[in-house]
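Counting starts at 1 for both ligands and their atoms, in listed order. Here the structure is a predicted model, which is why all the values come from computation and not from measurement.
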Amino acid sequence: MEFAILNGSIINRSEAKVDIEDRGYQFGDGVYEVIRVYNGKLFTENEHLARFGKSSESIDISLPYSVTELANLLEELVLKNDLQMGIVYMQMTRGAAPRNHAYPAKGITPTLVAYTKEFPRPVDSLQTGVKTILLDDIRWLRCDIKSLNLLGNLLAKQKAAEQACYEAIQHRSETVTEGSSSNIFIVKNGVVITHPSDPFILKGITKDVIIQQCLASTIQVEERPFSIEELQQADEVFLSSTTSEVMPIVEIDRNRVKNGTPGPITRKLQALFEKEIEKQCGALPDKVIV
Ligand code: PDD
């Protein structure tokens, strides 16, 4: 049997149902997180829970549980579902109420849902790298909130999929922002460059791990806006996310990045990232860098 969390209880997943007037369903009025599970352990769990709290606070939904209670629930869910390699998806909406754009006056309880999914590491793509397209960023101006409103992201990802590409790299005018579900990095003359964590992008947990690893090693890193031209002339390009880790990008709009193979700094960061996974979650059965 599969289990899910609904409002603080772990129940049979097939019995987890929400109201048709839930504001998440009608308005996308809520926030979410995707947390990676390796060897049955939640990777960067505290960071994800902190961001979840921050996202919900920024749209005036208060967490009905303490972070410790939530962490305990998620860990129990992973255990009960016997999940080894996968993800936990968790979302919280403002709750169910008669449809009205303005928040209901009072007495509304947030709806919190979480479930697990098996999800192997994308080892083949991590080895070879992936293709991408470049696209106008048409999203709203609070992309730092991990909101359920993902239409702009979905339209971008769909365009990429239609061109047999893994990701859409978005830009506002000349500035590269982020992928439809990932952060974007370039490497030029040995320096790793990525967009600063401001309202134009989501402050990725993976992005922050990578920056910490650069700072702790000899790799130079800069958080600053970079242009489409810099992207096109980069020595290396990669993306980062919970499910994609440190993913080399070898093509943008059918043009190869350098010679079309993952570069040395990307490889180094992949190795450091695998080290961090193993530190938090134990030895990986399938490694990209051996
Ligand atoms: N996406 N930017 C956007 C728009 C994202 O949706 C994500 C994550 C990221 C990377 O964040 P992190 O490293 O914390 O996963 C950046 C998740 C995985 C998703 O929506 O499935």
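N149 places none of its side-chain heavy atoms less than 4.5 Å from the side chain of D29. Contact annotation: the side chain of V176 approaches that of I228 to within less than 4.5 Å [non-hydrogen atoms, C-beta and beyond]. A 4.5 Å side-chain heavy-atom check between L269 and V192 finds at least one atom pair inside the cut-off. E251 has its side chain out of reach of V257: every pair of non-hydrogen atoms, C-beta onward, lies at least 4.5 Å apart.
In this structure, atom 2 (N) of ligand 1 lies nearest to the protein heavy atom E178 OE1, 2.7 Å. The nearest protein atom to atom 17 (C) of ligand 1, hydrogens excluded, is given as K146 NZ, 3.4 Å; this is a heavy-atom distance. Closest protein heavy atom to atom 6 (O) of ligand 1: S181 CA, 3.4 Å. At the top of the distance list for atom 13 (O) of ligand 1, counting protein heavy atoms only, stands T206 OG1, 2.5 Å. Ranking protein heavy atoms by distance to atom 15 (O) of ligand 1, first place goes to T242 OG1, 2.5 Å. In this structure, the protein non-hydrogen atom closest to atom 10 (C) of ligand 1 is N183 OD1, 3.7 Å.
Of all the heavy atoms of S182, the ones lying under 4.0 Å from any atom of ligand 1 belong exclusively to the backbone.
At distances below 3.5 Å, at least one donor-acceptor pair connects side-chain atoms of E274 with backbone N or O atoms of I289.
Annotation: ring-ring contact (aromatic ring centres under 6.0 Å, His included) contacts of Y103 (sequence neighbours excluded): none. Legend: residues meeting salt bridge (Lys or Arg N to Asp or Glu O under 4.0 Å) with R224, ordered by chain and number and at least two apart, are E222, E230.
Not a single heavy atom of K203 lies less than 4.0 angstrom from ligand 1. Using a 4.0 Å heavy-atom cutoff, S180 is listed among the residues neighbouring ligand 1. Contact between Y89 and ligand 1 is absent, with no heavy atom of the residue lying under 4.0 Å from the ligand.
Taking every non-hydrogen atom of Y32 and a distance limit under 4.0 Å, the qualifying atoms of ligand 1 come out as 6 (O), 19 (C), 20 (O). Of all atoms in ligand 1, listed by their number and element, those nearer than 4.0 Å to a heavy atom of N153 are 4 (C). Less than 4.0 angstrom separates some heavy atom of V34 from each of these atoms of ligand 1: 19 (C), 21 (O). Of all atoms in ligand 1, numbered sequentially from 1 with element shown, those under 4.0 Å from a heavy atom of G204 are 11 (O), 12 (P), 13 (O), 14 (O).
Checking each of S181, S241, S244 against E167 for a side-chain contact (heavy atoms from CB on, under 4.5 Å) leaves exactly one that passes, namely S181.
The distance criterion of under 3.5 Å between nitrogen or oxygen atoms is met by R51 with respect to ligand 1.
Atom OG1 of residue T132 and atom CZ of residue F238 lie 13.5 Å apart, to the nearest 0.5 angstrom.
Defined by atom type and a distance below 3.5 Å, a donor-acceptor pair is missing between the side-chain atoms of Q26 and R23.
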